[in-house]
Protein chains: 2
Amino acid sequence: MGALRLHSLTSILASSSSTSVSAWSPSIFRRHRRVRLRPRLLTTANFSAEKEVSPVTEDRRAKRSITPRSQDFNAWYLDVIANAELADYGPVRGTMVIRPYGYAIWEAIQDYLNVKFKETGHSNMYFPQFIPYSFIEKEASHVEGFSPELALVTIGGGKELEEKLVVRPTSETIVNHMFTQWIHSYRDLPLMVNQWANVTRWEMRTKPFIRTLEFLWQEGHTAHATLEEAEKEALQMIDVYTKFAYEEAAIPVIVGRKSKVETFAGASKTYTIEAMMGDRKALQAGTSHNLGQNFSHAFGTQFTDENGQRQHVWQTSWAISTRFVGGIIMTHGDDTGLLLPPKIAPIQVIIVPIWKKDDEKTGVIDAALSVKEVLKTAGIKVKIDDSDQRTPGWKYNFWEMKGIPLRIEIGPRDVSSGSVVISRRDVPGKQGKVFGISMEASVLVAYVKDKLDEIQSSLLDRATSFRDSNIVDVNSYDELKAAISEGKWARGPWSASDKDELRVKEETGATIRCFPFEQPEGQNKACLMTGNPAEEVAIFAKSY
Amino acid sequence: MGALRLHSLTSILASSSSTSVSAWSPSIFRRHRRVRLRPRLLTTANFSAEKEVSPVTEDRRAKRSITPRSQDFNAWYLDVIANAELADYGPVRGTMVIRPYGYAIWEAIQDYLNVKFKETGHSNMYFPQFIPYSFIEKEASHVEGFSPELALVTIGGGKELEEKLVVRPTSETIVNHMFTQWIHSYRDLPLMVNQWANVTRWEMRTKPFIRTLEFLWQEGHTAHATLEEAEKEALQMIDVYTKFAYEEAAIPVIVGRKSKVETFAGASKTYTIEAMMGDRKALQAGTSHNLGQNFSHAFGTQFTDENGQRQHVWQTSWAISTRFVGGIIMTHGDDTGLLLPPKIAPIQVIIVPIWKKDDEKTGVIDAALSVKEVLKTAGIKVKIDDSDQRTPGWKYNFWEMKGIPLRIEIGPRDVSSGSVVISRRDVPGKQGKVFGISMEASVLVAYVKDKLDEIQSSLLDRATSFRDSNIVDVNSYDELKAAISEGKWARGPWSASDKDELRVKEETGATIRCFPFEQPEGQNKACLMTGNPAEEVAIFAKSY
C-alpha cells in the first residue's frame, strides 16, 4: 500500500471545525434509527471569520472536542472515532460506515495477513453470503449459537421465497456443503482456503468496530485427513494472529485456549488472542477453531483414505475482523486522540511547513516537498499539510489527534540551516521534540526509520507494562472477586465446572478469557474455586 | 501478488480425473436448487488403475471433457469454468462460489485497479449493505430500475422488522445519505471514494460470472462542485477501465456512451466499455455514470459554494465486477480451454519436469527447481508440476486447459545440455515450441519475459482482428438486420427515437451497445432508420 491519499483532506479540515461546536459529539454515536441533524451550517463568511480566531483559542477548541480518556472511556472512544473520521453510523441501527481513514487501517491489516495466509498455503476464494436456512440447523450447537442473531431474506425478486435465506453470520455450513462436493480422496487434502467478506449478526448492543450488525473479516476454512493436522493448522493460524498483534499492531495479546463454555458454536477447541484495552476490559481480537469432525459429520464431508476407507475430514476455521481496528484504538489511544503504531499507520509522517510572511512560503513549501519525496522514495508513508486555512498549532493538534506517529516541522530558519524539527506523537511536549535533524537524504531517512521503529517498540513495551501491572495472580474466589472489582484481570488455577464458570460470570461479570499457552512454572496447583487439583491457570476478565 | 500457491493441486489433479467421467459436465451448471449428486467416488484402487492407462488414451480423455467452442459456445463456457475449477454453483439458485483459480484472476483485476483508483485520488471505504427500503424509493428512475431485482431482509434477530431492508443492489442511495452528512462547503469537494463489495440482484437467468444473484465488484462514488468536474471524472474512470481492458486483459473494448434507453437507472449519462465475446455477443464490461444532480436532489446533498449559496452536488459512480472474469474467458478461450493473458494469469509459466527412470528424476527435478527460482526471483509467476501421478502428456493438456501462457519442459537431455524447451499456449503444436533455450538465468529470464510480452500483444491483436472483422457498417435498417442475423455487430448513423430503438430490439434482439467515442470521419450522415440527419453512429449488437 502506497502513501494514503486523503483527497477529502479539505473535508477533514473543514468538518473538524464544526466538530468543536459539538455537532460531532459522541451523542451521534448513541442515537439510532433516526436521521441525524446536519451540523450547524457554516457559511463562507463564518469560515473566514474563524481564521481571525487566535491560534491558542482555536487549538484549545480542537482539543476540547475529545472527552478525556480517564474521565469516560466510552465517550472518549466514540469521540476519537468521530473526530479522527474513522467511522460513522449507517442509517440502519447498529450498522457502521467505515470512513477512508478507518478503512486504511483495515487495509494495513489485510495487506499483512493476506501475505501470511498465502505463505502458509491458503488460497483466497469466495462463498455466497446467502445460506439456506436448513444448513444452519444441521450442526446442533451451531444453530443454537447463531439462530438468535440471524438476518433473514424472505423476499427475492418481488416474491416470497420458499426457503428463508440466512445472510451469513459465518460460513462453516456453506463451506462444508461445497467441501463435500470437492473432496473425494486423501489426495484432495489438505484443502486450505480463506475469504475476505462481510458478515451479519443481529447484535442488540452495538459499538463502532467492536460489535456491529455487519462487519468485515477474513474467515479461513481448512479440511485435513487427520485430527493432528487440523490441530496443527489451528495452532499455526492463532500463531499468525499473535505475531501480527505483537509485531504490527503492538498489542501484547495473551494467546490461549477458550473454556468449553466460551468455545465457538460448533468447534471442538477454540484458540484465542485476548487483548487488554485501555480501560482494562478484555477484547477477543482473533480466534482459531479446531472444528474436529462436527461439521463434516453434519454435512457428510468424507474422503477415501490411503487404505480405501471412507473417513470424515477434520477441519479448522479462523477469523480476524474489523473489530481489531477498535482494539488498536483502545490499546494505544490517549487523551489527545488516536495513536497509531507506525506499521499500521496509513500516514507515518506528517510534514507541517511553517511560514509567516508570504515571501517565506515558497522556500518552506519547496523544502517540505523535497523532504516528502525523499521519505516517500524510502518507502515511508508521508503527507504534507500545506493548507492555508489553519495555523501550525491547529495542524499539530489535528494530526496528533489522528495518531500520526511522527511530525516534521519545517520553518524558514530550518530551510536556511538545512535541517528539520521532528516530534514524536508518543512523547508529548518538548521531550518528544528534536531540533536540527539534517535534511540530507541519508541522514533524514535513517533518523525517521529509526524513530518509527522506536515508537513501534515503545508502544508495545508500554502496552505490555500496562497489561502486566493489571493481571493479578489469585488463589481463591475471594481474591478473584477483589481483582475483578478493581477492574483487573485475575489469573488463577481452574478446574471447576461449567456451572462454576457461569456463576463467576453472574457474580462478577468476568468470564474465562482463556487458559493461556504460557503457564506459570511449578506443580500442584489447586483450583481457586474448588481446591481440587488444577492443571492450568485460567485468566478471568470483564470483556467487550 | 506473488506466485499463486495452489495447495489444492492434488485436488485439481484428482478431481480432474473424475471430470472425464462426465460428473463435471456442464449439466451441473444448468441445474438449480437441488443438491448435486457427488461425482462417482473413485477409490484408491481406481486411482491406481488409472495410472495404467496409456498416456494417449488418458490425454484424449482429458481433452474430451470440454465441448468444442465452435460446437456449442455456452456448453464450452460452462465446461471451461468447471474443468479449470474457476467457479461452482452455490446452494441457492443463481449464486456462485468463486474457486481459488477464478478468484486469483479477480485478485489480479483488483490489484491493478486498486492502484489506479488511488493514483487518481480515490480512497477506499465501506458502506453497509443493508439499505432502508424507503431510500430506494427516493430516486424515481432508480427504484423503477432496481425494484424487481431486490432481495429483502424482513426478519432480524428473530423479529419482524418495522422497515424492510434492501440488500444493496448498488449503493448510490446510502452513499448519498452519508454524503449529505459529510458535505457542507465547497471545501469538502471533491469527495472521491470507492468500495470493494458484494452486491445482490435477484436475476432470473443466471450464468457463472456473467450474471449471478450475488457478485463482487468495486463501486466508485464521487461528488463535485460542478457538472464539468463530474463529467471529467466519469470520463477519467471509463478511461481507466479502457486502459485496463486493453493493456492487462488484452480485450479491445469499444468505449462509448449509452443511449438514453440503456442509461443506468438514475444517471444522466452512462459511459461503457463493450467487449466482443468469442460468439460475437457483446458484453458490457464496465460502466461509468455521470449522475448529474439526480441523487443529490433526491437526498438533499448540498454544499455552500464560494459565494455562500447552497448548491446541489454533481456526482458520478462507476463499477467493474466479477463479470469481467467471464469476459476474459469468453474473449481468449479456445477448444483447448482457458487462455489467459500473461498480465492477468495467476500462473504465467508452468514447469513440467520429464523423467522415465528413477535415476533421472533427481537431476530433472533439481533443474526444474532452479529454473523456478530464477524465474520467481525475476518476478514471474511460476509453478512446477512435479507430481508422480500423471504423465507429462496429461500435464501438458491439463495446464493448457487452465490457460497458462507458457510451459517449460525439462527432460534428462535438457539437463545435460543446460537448456529447456518452451511452448506457447497461444500457438498450438510444434509451431509454438522452441527447443534449446539456455537455462542460464539472464538468457532464460529475458526469453520468458519477451515471450510473455509477445503472447500478451498477440492475444490483443487476435481479439482486435476478430472484433474488426465482425463489425459491419450499415446505412439502412435492412443492412442492420442482415448484419445482426449473421451474428455480427452493426455500426450505423442513428438519431431515431427511443421507440425505434426498442423496435430494433424487439425485431432483431440487438440493442444499442454504445455511441462509440471513436466516430468515423466525414459529415452528413443519415440515420439508418429515419433518414434524418444523424450526428453519430451507434453500434448495435446482441448482448449478454
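Chain letters run A, B, ... following the sequence lines, proteins first, then strands; residues in each count from 1.
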Of the backbone (N, CA, C, O) and the side chain (C-beta and beyond), which part of [X] lies under 4.5 Å from a heavy atom of chain B, both, or neither?
| X | result |
| --- | --- |
| A/Asn194 | neither |
| A/Val115 | neither |
| A/Glu203 | neither |
| A/Pro132 | both |
| A/Ile174 | side chain |

Flag for A/Asp88-B/Trp182: side-chain donor and acceptor within less than 3.5 Å: yes
Donor-acceptor side-chain pairing of A/Glu214 and B/Tyr126 below 3.5 angstrom: yes
Pick from B/Asn198, B/Ile131, B/Val193 with the largest number of heavy-atom pairs that fall under 4.5 Å of chain A: B/Asn198
Largest heavy-atom contact set with chain A, pairs under 4.5 Å, which of B/Asn114, B/Thr95, B/Thr154: B/Thr154
Criterion salt bridge (charged side-chain N to carboxylate O under 4.0 Å, His left out) on A/Glu107 and B/Lys118, from CA distance to verdict: CA-CA 13 Å; A/Glu107 283 181 312; B/Lys118 289 184 179 182; 3.1 Å; yes
Heavy-atom side-chain contact between [X] and [Y] under 4.5 Å:
| X | Y | result |
| --- | --- | --- |
| A/Pro100 | B/Asn124 | no |
| A/Val92 | B/Pro128 | no |
| B/Trp202 | A/Leu161 | yes |
| A/Thr200 | B/Gln129 | yes |
| A/Val167 | B/Phe130 | yes |

Considering all heavy atoms, the nearest B/Pro91-A/Met178 contact: CD-SD, 4.4 Å
Atom of B/Met125, atom of A/Ile98 and distance for their closest heavy-atom approach: CB-O, 3.1 Å
Spacing of OH belonging to A/Tyr103 relative to CH2 belonging to B/Trp196, to within rounding of 0.5 Å: 10.0 Å
Nearest-0.5 Å distance that lies between atom CG in B/Leu152 and atom CG in A/Leu165: 11.5 Å
